[in-house]
Each structure stands twice: as structure tokens, then as C-alpha cells.
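Have a look at the structure below, then the notes.
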There are 2 protein chains.
Amino acid sequence: MNPLTSKLEHFVRLSSEDKAALDRLASEQMRGFGPHTDIVHEGQPPKVLRLMLSGWACRYKLLEDGRRQIVGLFLPGDFCDLSIFILREMDHSIAAITDVTLAQISAETFNEIAFAQPRIMYALWWESLVREAIQREWIVSLGRRDTDERIAHLFCELFIRMRSVGLTSGCSIDLPMTQSELSDIVGVSAVHVNRTLQALRASGLVILKGKTLTIPNLNALMDAAQFNTNYLHLDHEGAHLDATNG
Amino acid sequence: MNPLTSKLEHFVRLSSEDKAALDRLASEQMRGFGPHTDIVHEGQPPKVLRLMLSGWACRYKLLEDGRRQIVGLFLPGDFCDLSIFILREMDHSIAAITDVTLAQISAETFNEIAFAQPRIMYALWWESLVREAIQREWIVSLGRRDTDERIAHLFCELFIRMRSVGLTSGCSIDLPMTQSELSDIVGVSAVHVNRTLQALRASGLVILKGKTLTIPNLNALMDAAQFNTNYLHLDHEGAHLDATNG
DNA sequence: CGGTATATTGATTACAGTCAATAAAAGTGG
DNA sequence: CCACTTTTATTGACTGTAATCAATATACCG
């Protein structure tokens, strides 16, 4: 299934017309990007709406001396920029982490669908509120969690986000980042990430082999990270907007 | 002038009807909160839309062992929660820092105004995108800036945000936070905040007296913080939506 | 004016950064 | 498929920044 549809159904039950509309969004002009290439640069005007279909990408900001911070991750089913109609220029850049395919949706198509299908508009609003909540949680991690907790917390989040779009296999997900990229998320040096990962492995909470992350006991990892799922709001919160037997 | 109106006019020129509608929002049921009291708790359902009229407030999250991280600041003219229609429960708490007065806006009033005045709807959308951008910038600070830079950057942001709602006097703003609250924003210990503030004072970049922050040379402080205003998007970006000579 | 909250200081400890070297893995071309 | 190159991961030694603990000073409040 379309990963966007999977995800939005955690919020609200969609009618078959809703789903058809989402499939139409996901089949708009497709475009591919290779790993480690920029999709949009800071300073550019946001022109199209981008929807991730496969692969991983990230938002990041650079400081003058080369320090880099990743401020968000895009997984399949995520929108990259809902600011097209509003903001003049990007205040950050977006880069592919792996091979990425995305749908580039024009303002017209988007407007057409959003206005014809109000449930979809609500679902997209929900998506942007969740994105905001994720950013808040990242702020908490960077400000007040130590490195073990940061990484454990991130792994919980990624596992659950991947599961919500149907991309887990058992207790495992693909984790296609280098340790250096991970360090730009959790705000420590790459060397320290390496050591922390070793500690996490030694504790048995995670298994990392190649580009695969396995979490043998999700509850144990969630405990270690003091992870509370509430901020992902995956609990069918828009039930009052459900399609009447779509 | 209504601080909300001041702020939104950085995005788009409003008609007199728009302004009247905003004044109506700002005069909805008023409510006061004393310093250090909670306005909403994590876990509660968001029931009304809150608009800050005066004072300072913050969003925060607590960890089990008492560590606290402030994940956002509310200044006059800011909305506290635009999630009323969507999310079932708050994933964080909101507390007053100073004496706070806010308008509590019902869903009905809000809908009425938002639908009658599309420019206002766009302006509120802009506000929420800016809030998201501010969160990203906080992530960058916590992840990749050292403590001097974090505080300098925060002070620049606060000065400019206060200026956008007409609350500066010359080079000064009210800064009604304790060092301990500041430490919960920048993610270090209160002792370390104290030492860093002394260094900033010694460098002449800021003057802190009582609860007043004075920035004698904003450009110098912005340089020190590598502060780029772009993320606040105050540059009349919605010009194409302007009222035609309202 | 006393009492509480906030700010400041010093001494010590712990966590994380840096630098540099080596090992392992992944990608490339013949 | 192998040899070679490049990237990524791992390790150790050393340094530096910030946390913690505890004491004292100052400011604020009724």
C-alpha cells in the first residue's frame, strides 16, 4: 500500500475516494535522487510539494565552520515541504541519505485534492502537527538526555515510524545511515556515537548488523529511553472524522 | 496595537476587516495566570485555542527523574495551541513564566473568522510554519552550538521576536526568566549558564541588569551567534496576498 | 526586617571531543 | 572474481568542557 495512506490511517479512517486521491498524489511526477545529493538548498524558493515514496532523506542546517545538524528525517510517506504557498525561501536544506524516489506535486493538483477531500486536508494537518511534536522530542533529547538515551530514543522512534508505514520485518528495520550521519542527528561526535553504539549492543538492547537494526525487545528499549509513544499521535485520534464505511 | 496584528503584518498586509477580526480574537474570554503556574498539562485534551496577550509562557517536557526541557517560548501575540481540532491529548505541558493574560478562543469563533477571512487563515498558517522553523533552529543550537553561541543566538531571536510585536524599548527588552529557566532552554546546568552569561557580559555583547536585557550592538551579537534572520520569515513573504489598500 | 528565591564562586569529577592510527567494509574497474 | 581504492568503523591517548556539590552572596518579597 501507498505509505502515505498507511500512515494517515493511524489518524482517520479513509474512504475509497480518499485513498484514490492519495494514490493520485503518490503517482505525480516521479523523480529520483542518489545518496548524499541535495534535493533542495537553503535559500531556494520552495516550488513543488515533495512526497517521499522510497528511501531516506533529511533536513539539515550547516554552520559557517562546517558543523552540521540534521533537524529532521524523512521516511517513505512523509511530505518534505508543506510551505510552498507561504514561505519565500527555504531556511534549511534537504538531502537524500539513500537512493530516494519522490513524487513532485504541483500546487494545482494539491489544491484540487485538498479542497475536494476535506478528510485528507485534516489528515495532512495532523501530519504536520506530528512533525512538530517530533521536533519537540528531538529538542528534549538534545537538551536533556545523555547519549545512550538519545540514540535509544531515536531508534524507538524510527522503528515505530517505519512500522506505521509497513516497513518493518519482524523486529528489524533498515537503518541506512552512517555513524557520522547519526552523530549529526544526536549532536555528538562520530567517535562518541561509535562507543555508545557498542555499549547499546553490549547491553543486548539492540543488534546492529550491516545496515539492519534489530530491536529484540522493544519494551526494554523503550524503558531504557524513557520513550513515550504519545507524541507520535498514532492512536486513531481523528475517529470523529472517519469515513462512514468507505 | 494588538500584538498578533503587529506580527502577522510582517507576513501580509491586512485589510481593516482583517484587523477587526483579529481584535475580536484578542478580546475573547480573557484569563490570567500567575507566574510558575501550569496553563495546560501533558495528557489533557486541548479544548480551547489560547492566544497570548501579555507576559511570557513556555512549553516544556519533564523526564521521569525531574530533568526538564523547555521546547518553546510564547511571547505576546503567539498562539499556544493550534491543535485543538486534531489531537486527542497534549504531549507536553504549558506554563506561565510571568503573569500571563491570554484570550481563550472557542472553536466556533475561530472557524467563523478563519473561513470568513482567508488572508487570516494564511497568516496563521505562516505563524505555524515559523514556529516550526524556530524549533529547527533550537535543534541546531542544542546539537551543534556551544553554550555562548546558544545563549547569544537565543537573545537575538528573542529581541527580534519582541521587536516584531512592538515590545522593545531602544536596544532593550524585558527578559523575565531566571537563569535556571534559561538553563532549561539551552540544555546546560544553571551554574554553567551563570558563567556563560558572565563571559557574554565581559565581552560587552550584552548588558543584563535586573530583568532587562540590553543589546548595545545587535549586529555584533548576531555575528557572534552566527545568527541568520531568515528562519523567522519576517520579510513580508505573503505580499501576493496583500489586501488591496485596506 | 527577616525569609526565600536567585545568583555567584570554587573545587572536584565525569563525560565527551580531538587527533591519529588501524581495521573492516563497500564500491570500482579490469 | 579479484586487486585496488575509498569510505566507514573502531581503538587508544590525551584534552577540554561542562556537571556536580557545596558554600556564600545578593536580590526580591511581604
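Below, read A as the first sequence line, B as the second, and so on, with proteins coming before strands; counting in each chain starts at 1.
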So among A:Arg150, A:Arg145, A:Arg161, which one has a salt bridge (charged side-chain N to carboxylate O under 4.0 Å, His left out) with A:Glu137?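 Only one option passes, and that is A:Arg145.
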Distance, rounded to the nearest Å, where B:Ile151 contributes CD1 and D:dA18 contributes P: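 Interatomic distance, CD1 of B:Ile151 to P of D:dA18: 10 Å.
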In the structure I gave you, are the side-chain heavy atoms of A:Leu51 and A:Leu102 within less than 4.5 Å of one another anywhere? no
Side-chain heavy atoms of B:Met52 within contact of B:Cys80, under 4.5 Å: yes
Base versus backbone protein contacts along nucleotides 5-21 of chain C [heavy-atom cut-off under 4.0 Å; B, S, -]: -SSBBBB----SSBB--
Any salt bridge linking A:Asp78 with A:Arg131? Criterion: basic side-chain nitrogen under 4.0 Å from a carboxylate oxygen.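 Judged by the 4.0 Å cut-off on N to carboxylate O distance, A:Asp78 and A:Arg131 do not form a salt bridge.
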Mind running side-chain hydrogen bond (donor to acceptor under 3.5 Å, both in side chains) on A:Glu157 and A:Trp138 for me, showing each step along the way? CA-CA 10 Å; A:Glu157 178 185 306; A:Trp138 284 31; 3.2 Å; yes
